[in-house]
Each structure stands twice: as C-alpha cells, then as structure tokens.
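Numbers here are sequence positions counted from 1. Keep in mind it's a predicted model, so treat the numbers as computed, not measured.
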Amino acid sequence: GVLVTKDGGKTYDNIDWHGTDGVDTDAMTGSFPTSKIWYIAGGLVQAESNPGPSFKSTIMKTMDGGETWITVFNVSAPQNQPGKGVGGMEDVACTTPEICYAISACYDDDCYNYKKRYGSFVHKTIDGGKTWKELGFFYEQAMSKIVTISNDELFIGGGGVGIFDDAVIWKSNDGGETFTNTTLKETGVLLDLSLMKDGKSGFATTVTSVTQSTTVWR
C-alpha cells in the first residue's frame, strides 16, 4: 500500500492502492504531483503458487488523496505468454498532474512487439494517464530510476543486464524524443539517482556485483 503521514513522520496511515488485482502484486513506486493527485505503480511480478500475470505493469491514480482510484496503465502479460506485456513497472515520475514518465523492464526474449529482444520501455502521458506514448525501447538495458527536472528535461538511471555491465544515465532535453547517455565505467548496477532542481548537479550510487563494492558518484 501507500504510507501517508500528516504529522511529520510521527504516525503513518496505510492506504490501499487498489492495484493488487493479481497474486504477488505490490506497490513498487509512486509520484505525488499534488497533495491529492498520486500515481502509484505496480512492478515486476512472477507468480509462484497461483495463476496470475507473469509480468505486471500497472499504474493506479487517485485524485482525492487515496479515497478512490482508477487504473491509468495496465499492459500486463499473461502467465503463459510473458513477452506479451512490457515487463514490470520500475518507476513513475510526474512533473505536473497531467505529464508523467514511466519505465518498465522486460526480461523475456519476446518483449511486446520486439521479437527476440528484451530490455526497457519508456512511456509518457500528457493527459493525466488517459493515453500513453512509447518513447523508446532500450535493448538489453535495465532502467530503474527516473528523475524529472521539468516537463521536457529528465534523467533515467539504469545499466546493462550482465554482471560485468556498467551503470548508465540517460538524459533527454526534449521530453523524451531523443536521449543522450553517460556510462559510469566499472560500476555495475545503478541503485539510486538524485539531482538538484536545476539538473546541473546531483548524485548516483552504484554497486559492482563482481567485487561487491559500492560507489557514490557526483
């Protein structure tokens, strides 16, 4: 669910995000453009004991602070055809109540419309989740973190899918129409990414699976 505090963290209310319409489905990440309008995403699901989606990509939206919810994104794959969806939802970030970016990662060899390819998808809405546009498919890349600076400027953190691959930070200045990227050499997996409001400075953390070492980048 979603934990909400109204007293500076002394107490929390657990609010059901109403996205648990399949087994093993949990709230993974959220974006809160206003105090009442929230977007909550359900991520990677691999059903174990009961029938259900193999990869879950769901975004729920509330406009009244969690009282009621609607589904604004659901491209989930059936258990017997895991490549029919867009993988598991990894992150969602909104710059306004209407403009949001989301990333999902699919590790099946037959992802969505990309035959024998797997990687990450970038999605965008400009109408509050009524419609979504696929901005790109990044082959053999595992995206995990979005940071929005403005409606058009955003950063996405991730990296390769192998244990010897490096972390990567993608940047777009045109609302996701094009991306440039920076590779953090000998880093492994990106854990987190945080930037200042102007987008000119920030921090990233990575972990190298081979050496089990972590690094903080600035």
Would you compute the distance between atom CH2 of Trp217 and atom OG1 of Thr182 and round it to the nearest 0.5 angstrom? 11.0 Å

Step by step, work out the salt bridge (Lys or Arg N to Asp or Glu O under 4.0 Å) result for Lys36 and Glu67. CA-CA 9 Å; Lys36 295 292 186 180; Glu67 295 293 329; over 6 Å; no

So, Glu177 and Lys133, do they make that salt bridge, N to O below 4.0 Å? yes

State whether a side-chain donor-acceptor pair under 3.5 Å links Asp152 with Ser150. no

For residues Thr62 and Asp64, is any side-chain donor paired with an opposing acceptor at under 3.5 Å? yes

Give a yes-or-no answer on whether the side chains of Asp166 and Thr183 include a donor-acceptor pair shorter than 3.5 Å. no

Are Ile156 and Val122 packed together at the side-chain level, in the sense that at least one heavy-atom pair is separated by less than 4.5 angstrom? yes

Is it true that Glu153 and Lys171 make a salt bridge, defined as a side-chain N closer than 4.0 Å to a carboxylate O? yes

Hey, can you tell me if Phe137 and Phe121 have their rings parallel, tilted or perpendicular (30° and 60° cut-offs)? tilted

Using a distance-only test with no angle check, is there a side-chain donor-acceptor pair under 3.5 angstrom linking Asn151 and Thr95? yes

How long is the span from the OG1 atom in Thr206 to the CG atom in Leu191, to the nearest 0.5 Å? 7.0 Å

Near Ile37 CD1, under 6.0 Å, is it more than 12 heavy atoms from other residues, nucleotides or ligands? yes

Approximate separation, where rounding is to 0.5 Å, of Tyr39 OH and Lys61 NZ: 3.5 Å

